[in-house]
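As the structure is a computational prediction, the values presented were derived from the model and not from experiment.
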Amino acid sequence: VGITHTQYRVDSGDWLAVAADDGIFDSGMEQFSLTTQPILPKGEHVIEVKVYDAAGNSATKKATVKM
């Protein structure tokens, strides 16, 4: 089942869209890159990424980063 879209958020803020590196989510595996906006201040932050597929499923992963 193909991936349809991806989102991220920082420190439980609003979800923001992430684009596929090739410009379109159209397969079961996709590469993407993101740059937080605005630049994060020094300290510890939690970044979450949520991926959705064409069947309506989603998966979320989070990572703690220290700036």
Fill in: Nearest-0.5 Å distance, CG of residue Leu34 to OH of residue Tyr8
6.0 Å
Practice prompt. Following the transitive rule for hydrophobic clusters with a side-chain heavy-atom cut-off under 4.5 Å over Ile, Leu, Val, Met, Phe, Trp and Tyr, establish whether Val46 and Val65 coincide in one cluster.
Written response: no
Discussion item. Show the nearest heavy-atom pair for residues Ile3 and Phe25, with the distance to one decimal.
Written reply: O-CB, 3.3 Å
Worksheet item: So how far is it from Leu40 CG to Thr35 OG1, rounded to the nearest 0.5 Å?
Response: 10.5 Å
Discussion item. If I compare all heavy atoms of Phe32 with all of Val49, which pair ends up nearest, and what's the gap?
Written reply: CZ-CG1, 3.6 Å
Worksheet, complete the sentence: Applied to residues 38-57, the side-chain hydrogen bond (donor to acceptor under 3.5 Å, both in side chains) test, sequence neighbours excluded, yields Gln7-Tyr52, Arg9-Glu48, Asp11-His45, Asp53-Asn57
Discussion item. Using 0.5 Å steps for rounding, measure from the CD atom of Glu30 to the OG1 atom of Thr4.
Written reply: 10.5 Å
Discussion item. Show me the pairs that pass side-chain hydrogen bond (donor to acceptor under 3.5 Å, both in side chains) and involve residues 16-26, at least two apart or across chains.
Written reply: Asp21-Ser33
Worksheet entry | Linked, directly or transitively: Val10 and Met67 (ILVMFWY side chains, under 4.5 Å) | yes
